[in-house]
Amino acid sequence: MPSACDSMIDDIEDMVSADDPTPQDRQNARKSIIPRARKRKDQLVPEELQADSLIPGTQKIWMRTWGCSHNNSDGEYMAGQLAASGYKMTDDPSEADLWLLNSCTVKNPAEDHFRNSIKKAQDQQKKVVLAGCVPQAQPRMDYLKGLSIIGVQQIDRVVEVVDEAVKGHSVRLLGQKKDGGKRLGGARLDLPKIRKNPLIEIISINTGCLNACTYCKTKHARGDLASYPVEELVERARQSFQEGVCEIWLTSEDTGAYGRDIGTDLPSLLWRLVEEIPEGAMLRLGMTNPPYILEHLEEMAKVLNHPRVYAFLHVPVQSASDSVLMDMKREYCAADFRTVVDFLKDRVPGITIATDIICGFPGETEADFQETVELVRQYRFPSLFINQFYPRPGTPAAKMEQVPAHVKKQRTKELSQLFHSYNPYDHKIGERQKVLVTEESFDAQYFVAHNKFYEQVLVPKQPEFTGKMIEVDVYESGKHFLKGRPVDHSKPLTASIAAPLLKGQVSGLTQVLLTVSCLDSLGSQVAKCISFCTGNISILIYLMHLFIYVFKYSSSQIH
């Protein structure tokens, strides 16, 4: 069948039909046309430019993080990527255009704070992006409807999600990262970040765990164990020290399980990391559950005795009753926990063991609770996290027969009173210790340092102590701290090979990379502006000149 284009038109006149107006008709019609008066140039009303409200990358962002050090590390990575993309991170929620809320799902109160912050943001007409374990575990909750979500394994795409949220779009990235069908640990470790404390680097060595605790909601969000390769973790530590970091925290849902999915183990990683720690810097281990640390007690004792590793370990017991531990599906008994503590106390003199306890787990009898009380009385833990049980939606424990609320409250109070009845640091008065100064106290009256056993030591607030290891004489003790007086004529030891980054400065960007990143960001913003500015040639010309100027300046800086 011939197409409409098959017929040949010899001349344009062939396209005029008999019904079309003749030249005479068109000439006569012009007489009824009234010309529109043109505005004089000085009467033109300039179009208002509202670029800041329309172009992603120009807004201010306030971020709030709840929960563990793993969550804090994720928050640092998200802040770094947003800042590198042009967004301005602010500490003032009222001046922010968008709130990035990074949640924790461990306890009901943490989720309540998260929910209230969402409502507050909406009441103030703020754009909102949600992150962390709550939306990852329960993305269909009513109060999350219509809001943008960034998954715990998708934090390397936070800029994309925020860009779309700024435009008013709702985006949800909740998938898991895989390689050849194998689940990966999460986002890359070499992403830019803004450290909350420029002196402390938090490195997540794995995500997820191997347990299936009946009370735990975090498992729903973080999933099964997925470990980062040793070389990637070593490289991250090496880069951190080159940026002035003097203390590294290793974190995960269970550091003791590290490597079981990739054919290695925690001691192997630690010995590699120890090789990278400069003199005067320290490494702190994160939480480990008893079943996996039991396999490595000999090697762990050796590592914890190393002078550049804090003699500190967080081993949650949760309960000293075997029947309660069985209902929790903790995969160990109270004797296993005692074995870990006794062995480490014997092989690592002075070690600090921190632990967690849940009061009022479903089915816990008074006799069960008293076994836990006796455990605390026996070991007098200097660091004890006491938690009243909260049933988390979707967990097996939420369906069990609950202990009455007043009983849970009373047991929590009784255990807290026991904990506060002893002072674990009185015998330290008079000791001379080396301490690493890394932060400021809450009341801003002291600097906070930690000794070899990760005990908190308050020292005078002298600027030259920041990031240094100093010698102090302990002269006072409290429930949670010691106070140290600097030893006269003792020279502070500087650990890092470079000056630390400034607070708020983006990690992972060298001068050249920073320049390229700025150019890339500027180019991106120019591209975003073009669609807005089309039709206003003067704005486009101005942007072109600005881009060329910055390019020339940056090129000269690189060379």
Side-chain angles (χ1 to χ4, degrees), residues 69 72-73 76 193-203 237-251 273-274 276-286 304 306-314 350-352 354 382-383 424-425 428-505 507:
S69 54
N72 277 276
S73 177
E76 291 180 347
K193 67 155 53 176
I194 295 178
R195 297 185 182 95
K196 186 176 180 181
N197 183 337
L199 299 173
I200 298 175
E201 166 72 1
I202 306 172
I203 303 178
R238 186 180 296 128
Q239 176 195 321
S240 301
F241 289 125
Q242 291 172 351
E243 292 177 336
V245 163
C246 61
E247 187 170 287
I248 286 183
W249 297 356
L250 301 185
T251 185
L273 288 172
V274 163
E276 302 296 329
I277 305 173
E279 185 180 2
M282 296 296 288
L283 174 69
R284 192 195 83 171
L285 276 64
L304 291 167
H306 193 282
R308 296 173 196 171
V309 178
Y310 286 118
F312 167 88
L313 201 60
H314 179 191
I351 187 173
T352 296
S383 183
Y425 303 131
K428 300 272 184 175
I429 295 176
E431 290 185 359
R432 178 164 292 186
Q433 301 178 345
K434 287 185 178 180
V435 299
L436 181 59
V437 182
T438 55
E439 51 196 315
E440 186 179 72
S441 62
F442 286 118
D443 61 7
Q445 299 300 307
Y446 299 91
F447 277 153
V448 177
H450 292 92
N451 59 21
K452 163 66 176 171
F453 311 105
Y454 203 68
E455 295 161 343
Q456 185 170 261
V457 183
L458 303 180
V459 300
K461 196 174 174 183
Q462 298 177 213
E464 65 271 22
F465 291 164
T466 304
K468 308 292 195 306
M469 187 166 281
I470 64 174
E471 268 195 312
V472 298
D473 289 325
V474 175
Y475 66 91
E476 185 180 330
S477 70
K479 177 62 182 174
H480 302 287
F481 65 88
L482 299 165
K483 285 185 180 179
R485 186 178 295 109
V487 175
D488 292 337
H489 311 300
S490 177
K491 186 178 179 181
L493 176 61
T494 303
S496 304
I497 60 175
L501 301 179
L502 299 176
K503 189 171 179 62
Q505 190 173 350
S507 160

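Starting from 1, each residue takes its place in the sequence as its number.
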(request) Mind listing the closest non-hydrogen atom pair of Ala281 and Ala495 along with its distance? (result) N-CB, 3.4 Å
(message) Within the 4.5 Å heavy-atom criterion, are Ile248 and Ile203 side-chain neighbours or not?
(response) yes
(message) Check this for me: Phe447, atom CZ, are more than 12 non-hydrogen atoms of other residues, nucleotides or ligands nearer than 6.0 Å?
(response) yes
(message) Please determine whether side-chain contact (heavy atoms from CB on, under 4.5 Å) holds for the pair Val448 and Glu440, giving the CA-CA distance in whole Å, both sets of side-chain angles, and the decisive distance to 0.1 Å.
(response) CA-CA 5 Å; Val448 177; Glu440 186 179 72; over 6 Å; no
(request) Applying ring pair (Phe, Tyr, Trp, His ring centres under 6.0 Å), name anything that partners Tyr454, two or more places apart in sequence or on another chain. (result) Tyr310, Phe312, His450
(request) Using side-chain contact (heavy atoms from CB on, under 4.5 Å) as the criterion, list what pairs up with Glu476, not counting sequence neighbours. (result) Lys483
(message) Can you confirm whether Pro460 sits close enough to Arg485 that some side-chain heavy atom of one is under 4.5 Å from a side-chain heavy atom of the other?
(response) no
(message) Tell me every residue that passes side-chain contact (heavy atoms from CB on, under 4.5 Å) with Ile429, counting only those two or more places apart in sequence or in another chain.
(response) Ser477
(message) Are Leu482 and Asn451 packed together at the side-chain level, in the sense that at least one heavy-atom pair is separated by less than 4.5 angstrom?
(response) yes
(message) Using every non-hydrogen atom in the two residues, find where Ile470 and Pro492 come nearest and quote the distance to one decimal.
(response) CG2-CB, 3.8 Å
(message) Counting only heavy atoms not in Glu279 (residues, nucleotides, ligands), do more than 12 fall under 6.0 Å from its CD?
(response) no
(message) Any heavy-atom pair between the side chains of Ser507 and Ile194 that's under 4.5 Å?
(response) no
(request) Would you check if the side chain of Gln242 reaches a backbone N or O of Gln239 as a donor-acceptor pair within less than 3.5 Å? (result) no
(message) Test of understanding: with side-chain hydrogen bond (donor to acceptor under 3.5 Å, both in side chains), list the residues that count as partners of Thr251, not counting sequence neighbours.
(response) Ser69
(request) Measure the spacing between NZ of Lys479 and CD of Gln456 and express it to the nearest 0.5 Å. (result) 13.5 Å
(message) What I'd like to find out is whether the side chain of Lys428 reaches to under 4.5 Å of the side chain of Phe453, using heavy atoms alone.
(response) yes
(message) Between Glu201 and Arg195, does any side-chain N to carboxylate O distance fall below 4.0 Å?
(response) yes
(request) Name all residues meeting the side-chain contact (heavy atoms from CB on, under 4.5 Å) criterion together with Arg432; count only those two or more places apart in sequence or in a different chain, and write none if there are none. (result) Glu471, Asp473, Val487
(message) Applying side-chain contact (heavy atoms from CB on, under 4.5 Å), can you list everything that pairs with Pro500, at least two apart in sequence or on another chain?
(response) Leu199
(message) Using the rule given for side-chain contact (heavy atoms from CB on, under 4.5 Å), can you reason through Val435 versus Met469, listing the C-alpha separation, both sets of side-chain angles and the distance that settles it, and then say yes or no?
(response) CA-CA 5 Å; Val435 299; Met469 187 166 281; over 6 Å; no
(message) Between Lys452 and Lys434, is there a side-chain heavy-atom distance shorter than 4.5 Å?
(response) no
(message) Nearest 0.5 angstrom please: Phe481 CZ to Tyr446 OH, how far?
(response) 7.5 Å
(request) Check Val457 against Gly484 and note the closest heavy-atom contact, atom names and distance. (result) CG1-N, 3.8 Å
(message) If I take atom NZ from residue Lys461 and atom OG from residue Ser441, how far apart are they, to the nearest 0.5 angstrom?
(response) 7.0 Å
(message) Return the OG1 to CZ distance between Thr438 and Phe465, rounded to the nearest 0.5 Å.
(response) 14.0 Å
(request) Please step through salt bridge (charged side-chain N to carboxylate O under 4.0 Å, His left out) for the pair Glu76 and Lys196, ending with a clear verdict. (result) CA-CA 7 Å; Glu76 291 180 347; Lys196 186 176 180 181; over 6 Å; no
(message) What's the separation between atom CG in Leu501 and atom OG in Ser240, rounded to the nearest 0.5 Å?
(response) 9.5 Å
(request) Before giving the answer on side-chain contact (heavy atoms from CB on, under 4.5 Å), spell out for Ser73 and Lys193 the whole-Å C-alpha distance, their side-chain angles and the decisive distance to 0.1 Å. (result) CA-CA 9 Å; Ser73 177; Lys193 67 155 53 176; 3.8 Å; yes
(message) Working to the nearest 0.5 angstrom, can you tell me the gap between Leu283 CG and Glu276 CD?
(response) 11.5 Å
(request) Report yes if the side chains of Val245 and Ile200 come closer than 4.5 Å at any heavy-atom pair, otherwise no. (result) no
(request) Return the minimal non-hydrogen interatomic distance between Arg308 and Pro278, and the atom names on each side. (result) CD-O, 3.9 Å
